[in-house]
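Given the structure is predicted, the values throughout are model-derived calculations rather than measurements.
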Amino acid sequence: MTTATYVPPTREQVETITRVLLHDRDADRAATLLAAATNPGIAAPREHAAEVAAIRAQRPPAHHDLPSALLRITRAIDTETEGLYARQDNGHADADPALRAIAFRLLELGFTIAEHSGLNCRTIETAIATTYALPSHDGT
């Protein structure tokens with residue numbers, strides 16, 4: 001599991017995993033379920049496929065629980081930037097390139113999402129391309 005794909009488990013997922021761990025006393029199965037709940041891309045052992053599918057189904061899609069989805073996104077960003085902000089606050093400029101890279105990635109992802117949702121962000125994209133001095137951007 002990498003931090004790039006980690007998502008915190010929902011309350012329901014934690015309750016399911018706790019039940020398996022405490023009531024069934026099956027640490028291996030609980031670990032499998034925790035991995036499945038926190039890393040949606042991880043492959044599940046065949047013998048636990050049904051339980052893994054069930055625990056993954058306990059995370060509602062964003063359109064069913066938008067505030068929770070937005071909170072998870074915010075927490076992920078905060079987790080990655082908190083230490084960088086602290087370094088900046090302590091006068092270290094070495095955090096600046098990482099913050100710029102994270103900001104650029106968020107902008108890229110945001111524009112992809114905006115396009116899929118029907119928003120036209122061309123003017124903003126042009127301004128960002130200019131700000132980041134992107135090569136071969138014609139400004140049109």
Measuring from atom [atom1] of [X] to atom [atom2] of [Y], what distance do you get when rounded to the nearest 0.5 angstrom?
{"X": "E80", "Y": "R105", "atom1": "CD", "atom2": "CZ", "value": "12.0 Å"}
{"X": "L21", "Y": "D28", "atom1": "CG", "atom2": "CG", "value": "10.5 Å"}
{"X": "T18", "Y": "D24", "atom1": "OG1", "atom2": "CG", "value": "11.5 Å"}
{"X": "E108", "Y": "T112", "atom1": "CD", "atom2": "OG1", "value": "7.5 Å"}
{"X": "L66", "Y": "L71", "atom1": "CG", "atom2": "CG", "value": "11.0 Å"}
{"X": "T16", "Y": "R11", "atom1": "OG1", "atom2": "CZ", "value": "10.0 Å"}

Identify the heavy atoms of [X] and [Y] that sit nearest to each other, and give their distance.
{"X": "P9", "Y": "T38", "answer": "CD-CG2, 3.6 Å"}
{"X": "L34", "Y": "I17", "answer": "CA-CD1, 3.5 Å"}
{"X": "Q58", "Y": "T10", "answer": "O-OG1, 3.9 Å"}
{"X": "A36", "Y": "V52", "answer": "CB-CG1, 3.6 Å"}
{"X": "A95", "Y": "Q88", "answer": "CB-CG, 4.1 Å"}

* Should we say atom CZ of R75 is surrounded by more than 12 heavy atoms from elsewhere, each under 6.0 Å from it? -> no
* Asked: Do other residues, nucleotides or ligands put more than 12 heavy atoms under 6.0 Å from E47 CD?
  -> yes
* To do: Keeping to residues at least two apart or across chains, list the ring-ring contact (aromatic ring centres under 6.0 Å, His included) pairs with something in residues 87-132.
  => F104-Y132
* Given L84 and I102, is the side-chain contact (heavy atoms from CB on, under 4.5 Å) satisfied, shown in steps? -> CA-CA 11 Å; L84 297 169; I102 291 169; 3.7 Å; yes
* To do: Report the residues that fulfil salt bridge (Lys or Arg N to Asp or Glu O under 4.0 Å) with R59, sequence neighbours left out, ordered by chain and then residue number.
  => none
* Measure from the side-chain N and O atoms of E51 to the backbone N and O of H48, and report whether any donor-acceptor pair falls under 3.5 Å. => no
* When clusters are formed by joining ILVMFWY residues with side-chain heavy atoms under 4.5 Å apart, either directly or through shared neighbours, do L109 and I77 land in the same one? -> no
